[in-house]
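Reviewing the structure listed below.
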Amino acid sequence: MKFHCNGEEKRFVQFGTVMTHPHYQRQGLSRFLIEQVLREYQDNIDGFYLYANEEVLNFYPKFGFFRKTEYFYQKQVTFDTTRTIQPYYMGEAENRKKFKMAVENRVYQGSFEMAGHANLIMFYTTGFLKDCVYYSSHQDIFVVAEIKEKTLILYGLFSDKVIDLECVISEFGSDIQTVVLGFTPFDTTGFTMSEVLQEDNLFVKGEKFNFLDSEKKCFPILSHT
């Protein structure tokens with residue numbers, strides 16, 4: 001997977017959905033597959049990473065992986081605007097085509113963004129986030145976001161131009177009091193930074209993940225496999 005980090009391209013391999021059928025467990029099959037991937041890609045990429053649940057925290061260190069902290073950004077907001085952004089229906093093929101085109105032609109709205117991989121974003125937005133896609137005709141931008149009571153969780157912004165994040169947030173109206181970002185913004189002014197707290201734990205292998213700590217970044221939520 002390719003990522004852009006402050007204008008620099010990084011290439012990582014992400015492990016996802018590692019499991020073994022119960023009938024074939026305890027035969028070393030997961031170890032065989034992981035070691036094969038490590039051998040095949042280690043000379044051509046910047047590192048490996050994955051998200052592990054609590055049951056396998058002792059498994060991946062056997063392959064040289066170690067836990068890494070990520071950081072997310074949030075802030076309190078107050079707007080006296082009405083909601084102008086509109087839900088975007090992903091149940092129609094033509095709508096999905098337009099949205100995918102916007103994803104493919106997007107410019108980066110954050111300082112650490114996944115490059116390409118439109119199909120992964122389509123997996124999310126035609127599945128359990130299918131009701132979380134919005135479109136702003138004022139700014140010609142697609143937004144993937146969840147609203148939980150008075151909290152807006154922004155997962156991704158898709159446009160062919162850099163968008164003012166504050167303007168996007170204001171389009172969700174005066175009901176929103178807290179904004180949480182699922183990506184690292186270009187400008188963190190006014191945001192509070194916290195360590196990511198989630199059920200799955202980030203594990204990395206390689207020497208080029210220090211930027212997550214030094215620059216306080218997180219892998220975009222929509223890039224998780």
Query raised in the report: So, Gln177 versus Glu149: side-chain donor-acceptor pair below 3.5 Å or not?
Result: no
**Report entry** Close side-chain approach of Val143 and Val168, heavy atoms under 4.5 Å
**Finding:** yes
Requested in this report: May I ask you to check whether over 12 heavy atoms, not counting those of Asp164, lie within 6.0 Å of atom CG?
Outcome: yes
Query raised in the report: In terms of side-chain geometry, is the basic nitrogen of Lys75 or Glu166 positioned less than 4.0 Å from the acidic oxygen of its partner?
Result: yes
Query raised in the report: Which residue pairs pass the ring pair (Phe, Tyr, Trp, His ring centres under 6.0 Å) test with at least one member in residues 167-191, sequence neighbours excluded?
Result: Tyr134-Phe172
Query raised in the report: Residues two or more places apart in sequence or in another chain: which of them pass side-chain hydrogen bond (donor to acceptor under 3.5 Å, both in side chains) with His4?
Result: Tyr108
Query raised in the report: For Arg31 and Glu35, what are the C-alpha separation, side-chain angles and deciding distance, and is it a salt bridge (Lys or Arg N to Asp or Glu O under 4.0 Å)?
Result: CA-CA 6 Å; Arg31 172 178 287 276; Glu35 290 178 343; 3.1 Å; yes
Requested in this report: Specify whether Tyr60 and Phe63 have parallel, tilted or perpendicular ring planes, treating 30° as the upper limit for parallel and 60° as the lower limit for perpendicular.
Outcome: tilted
Requested in this report: Identify the two heavy atoms, one from Thr20 and one from Gln25, that lie closest to each other, and give their separation to 0.1 Å.
Outcome: O-NE2, 3.0 Å
**Report entry** Gap between atom OH of Tyr51 and atom CG of Leu202 - 0.5 Å precision
**Finding:** 4.5 Å
Query - Heavy-atom pair with the smallest gap, counting every atom of Thr184 and Lys217 - result: OG1-CA, 3.5 Å
Query - Linked, directly or transitively: Ile141 and Phe158 (ILVMFWY side chains, under 4.5 Å) - result: no
Query - Atom pair CE/CZ of Met90 and Phe142 - distance to nearest 0.5 Å - result: 8.5 Å
Report summary line: Distance col, row Thr188:OG1 vs Leu181:CG, nearest 0.5 angstrom, shows 10.0 Å
Query raised in the report: Among Thr125, Asn95, Asp131, Val144, whose side chain to side chain contact (heavy atoms under 4.5 Å, CB included) with Tyr88 holds?
Result: Asn95
Query - Gln109 side chain near Ser159 side chain, heavy-atom distance below 4.5 Å - result: yes
Report summary line: In terms of heavy-atom contacts, Tyr24 and Leu29 come closest through O-CD1, 3.6 Å
Query raised in the report: Is the closest side-chain heavy-atom distance between Tyr155 and Leu129 below 4.5 Å?
Result: yes
